[in-house]
Amino acid sequence: EWRATSWLSLHMGLRWEMAGAPAEAHRLTPVPYPSDRNNFAPRLALALKLPGRGGILRAVYGLHYGEIYPVTYGQTRYNPPLNQKFEIQAPDLLLPFQQLNIPVTPGARSTFVDVDPLLRSPYVHQYNLLWEPSLGRRFRLQLAYLGSRSQKLLFMWYTNRAVPTPGIPQTTATINDRRPDPRYFDHRRIVNGSRGYFDAGRATLVMPSWQGLSVDASYWWSKAIDLGGPHTPPGAGDYGRQGLAQSEFFVWSDMRGPSVFDQRHAFLLRCNYSTPRLPAATLLSKIAGKWDLSAVGLVKTGTPFTVFTGSDAPGFGNV
């Protein structure tokens with residue numbers, strides 16, 4: 001903390017945290033993800049008093065690291081030979097289990113989850129700017145911008161997907177016949193494969209107090225987009241399926257769109273009224289004297305949602 005002058009204050013910091021290399025206790029499942037030791041996260045903030053009625057200007061920047069969750073690299077426990085996943089396209093619903101390869105033969109086709117050996121902790125650049133001009137004692141105005149850029153977000157990349165193959169019909173029943181690598185069904189790779197972008201503007205008008213009444217109103221306009229992996233990504237489970245593109249190629253151009261928490265507009269109104277103090281030692285003052293009445297109203301636009309459909313993706317025959 002440094003108060004450089006009467007009109008400038010600075011706050012500077014540096015955080016370092018090591019992410020250790022995980023290991024399965026009984027060495028049954030190798031995890032290729034190494035330790036991550038260079039996560040230096042600086043932060044800087046300043047407050048500037050502008051001349052005249054310019055008011056106060058505040059600016060903040062910070063670099064923040066996330067983590068690679070145990071559920072992320074724990075997906076490798078589902079791999080063969082200790083676990084086997086069967087996948088039957090267009091099964092006979094009357095006799096579905098007759099098509100299973102039981103008992104499992106060594107080297108039988110299975111789904112495989114692969115953790116990128118170059119996997120690193122996701123991180124985000126966060127920054128904001130706030131200007132509070134002087135409007136006198138009756139009102140206070142705040143104009144603010146907030147932004148972030150998230151990098152190396154975890155993403156489950158579905159590879160070895162069915163491709164158009166000469167002589168084989170592009171139907172659901174032939175998906176496994178059209179996979180390039182016959183050893184696997186899906187080959188799922190957990191990689192640093194997504195980015196997130198967030199920008200928001202906010203305007204707030206505050207009336208601190210007028211005859212017992214205080215009011216503040218805020219309006220936000222914001223936009224959040226990503227490339228298929230969310231801003232807090234485990235790279236597994238439902239979040240992994242949200243990154244399932246129509247094919248394993250050109251994933252970013254296919255999946256780029258609003259984030260699951262994207263809400264473009266928001267309006268907040270807060271009011272508080274304090275009743276006047278009544279003369280003491282009267283029954284009326286005990287019942288109705290000095291009450292605080294408060295009200296809060298928040299209105300937002302809705303969040304987007306994703307539709308999963310069983311129809312074939314165009315040109316690929318993938319469900």
Side-chain angles (χ1 to χ4, degrees), residues 11 41-50 52-66 122-155 193-210 213-233 238-239 242-243 245 251-272 294-307:
H11 171 93
R43 63 177 181 267
L44 173 65
L46 64 87
L48 179 64
K49 184 177 181 181
L50 302 176
R53 299 178 65 87
I56 303 296
L57 185 68
R58 295 181 174 87
V60 178
Y61 165 78
L63 175 63
H64 307 278
Y65 283 87
Y123 62 89
V124 57
H125 300 276
Q126 291 185 333
Y127 36 85
N128 65 70
L129 181 66
L130 173 67
W131 179 38
E132 189 172 322
S134 177
L135 299 181
R137 288 181 292 182
R138 180 65 60 83
F139 295 99
R140 190 168 71 246
L141 176 66
Q142 293 180 347
L143 300 174
Y145 163 77
L146 170 69
S148 70
R149 296 295 182 268
S150 302
Q151 306 289 333
K152 296 187 177 181
L153 298 178
L154 301 182
F155 182 81
S194 182
R195 296 175 184 169
Y197 308 85
F198 178 76
D199 295 282
R202 176 175 65 87
T204 299
L205 182 63
V206 180
M207 185 179 70
S209 180
W210 177 72
L213 175 66
S214 60
V215 179
D216 69 84
S218 297
Y219 167 74
W220 291 266
W221 179 86
S222 64
K223 187 175 183 180
I225 59 178
D226 59 57
L227 302 180
H231 285 66
T232 54
D238 182 59
Y239 289 102
Q242 288 179 7
V251 173
W252 281 359
S253 60
D254 189 24
M255 298 303 299
R256 187 179 189 274
S259 301
V260 294
F261 62 89
D262 178 63
Q263 291 181 294
R264 299 297 168 89
H265 304 280
F267 178 74
L268 172 67
L269 178 65
R270 294 183 292 193
C271 305
N272 186 84
S294 300
V296 178
L298 176 63
V299 182
K300 289 186 176 184
T301 52
T303 55
F305 59 91
T306 300
V307 176

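- Note: R256 CZ to L227 CG = 6.5 Å, rounded to the nearest 0.5 Å.
- When L205, L130, I56 are each tested for a side-chain contact (heavy atoms from CB on, under 4.5 Å) with Q142, only one passes: L130.
- Atom CZ of R195 and atom CH2 of W252 lie 4.0 Å apart (nearest 0.5 Å).
- Looking at every heavy atom in both residues, R149 comes nearest to F198 through NH1-O, 3.3 Å.
- Using a 4.5 Å heavy-atom threshold, the side chains of L269 and V215 count as touching.
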**OP:** Mind running side-chain hydrogen bond (donor to acceptor under 3.5 Å, both in side chains) on H125 and Y61 for me, showing each step along the way?
**Re:** CA-CA 7 Å; H125 300 276; Y61 165 78; 2.7 Å; yes
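- In this structure, A245 and M255 approach most closely via the heavy-atom pair CA-SD, 3.6 Å.
- From Y123, atom OH reaches atom OG of S150 across 10.0 Å, with rounding to the nearest 0.5 Å.
- Shortest non-hydrogen contact noted between R264 and P258 is NH2-CG, 4.0 Å.
- Expressed to the nearest 0.5 Å, how far CG of D262 lies from OG1 of T303 amounts to 8.5 Å.
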Original post:
Are W220 and H265 close enough, and set up right, to give a side chain to side chain contact (heavy atoms under 4.5 Å, CB included), and what steps lead you there?
Top reply: CA-CA 6 Å; W220 291 266; H265 304 280; over 6 Å; no
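- For A41 against Y65, the heavy-atom pair with the smallest separation is CB-CD1, 4.0 Å.
- Under the 3.5 Å distance criterion, the side-chain polar atoms of W131 are matched with a main-chain donor or acceptor of G54.
- V296 is not listed as a side-chain neighbour of S294, based on a closest heavy-atom distance of 4.5 Å or more.
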**OP:** Before giving the answer on side chain to side chain contact (heavy atoms under 4.5 Å, CB included), spell out for L268 and V299 the whole-Å C-alpha distance, their side-chain angles and the decisive distance to 0.1 Å.
**Re:** CA-CA 7 Å; L268 172 67; V299 182; over 6 Å; no
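- Separation of the Y219 and F267 ring centroids does not fall under the 6.0 Å cut-off.
- The heavy-atom pair separating G228 from S194 by the smallest distance is N-OG, 3.7 Å.
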Subject >> Step-by-step side chain to side chain contact (heavy atoms under 4.5 Å, CB included) determination, Y127 to S148 >> reply: CA-CA 6 Å; Y127 36 85; S148 70; 5.7 Å; no
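- We find that K223 and D199 are not joined by a salt bridge, their nearest charged nitrogen and carboxylate oxygen being 4.0 Å or further apart.
- One finds the CD atom of E132 at 8.0 Å from the CG atom of L141 (value rounded to the nearest 0.5 Å).
- The two residues D226 and S259 make their nearest non-hydrogen contact at OD2-OG, 2.9 Å.
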**OP:** Check step by step if side chain to side chain contact (heavy atoms under 4.5 Å, CB included) holds for R202 and Y145.
**Re:** CA-CA 6 Å; R202 176 175 65 87; Y145 163 77; over 6 Å; no
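- Put simply, CZ on R140 and CE on M207 are 12.0 Å apart, with the number rounded to the nearest 0.5 Å.
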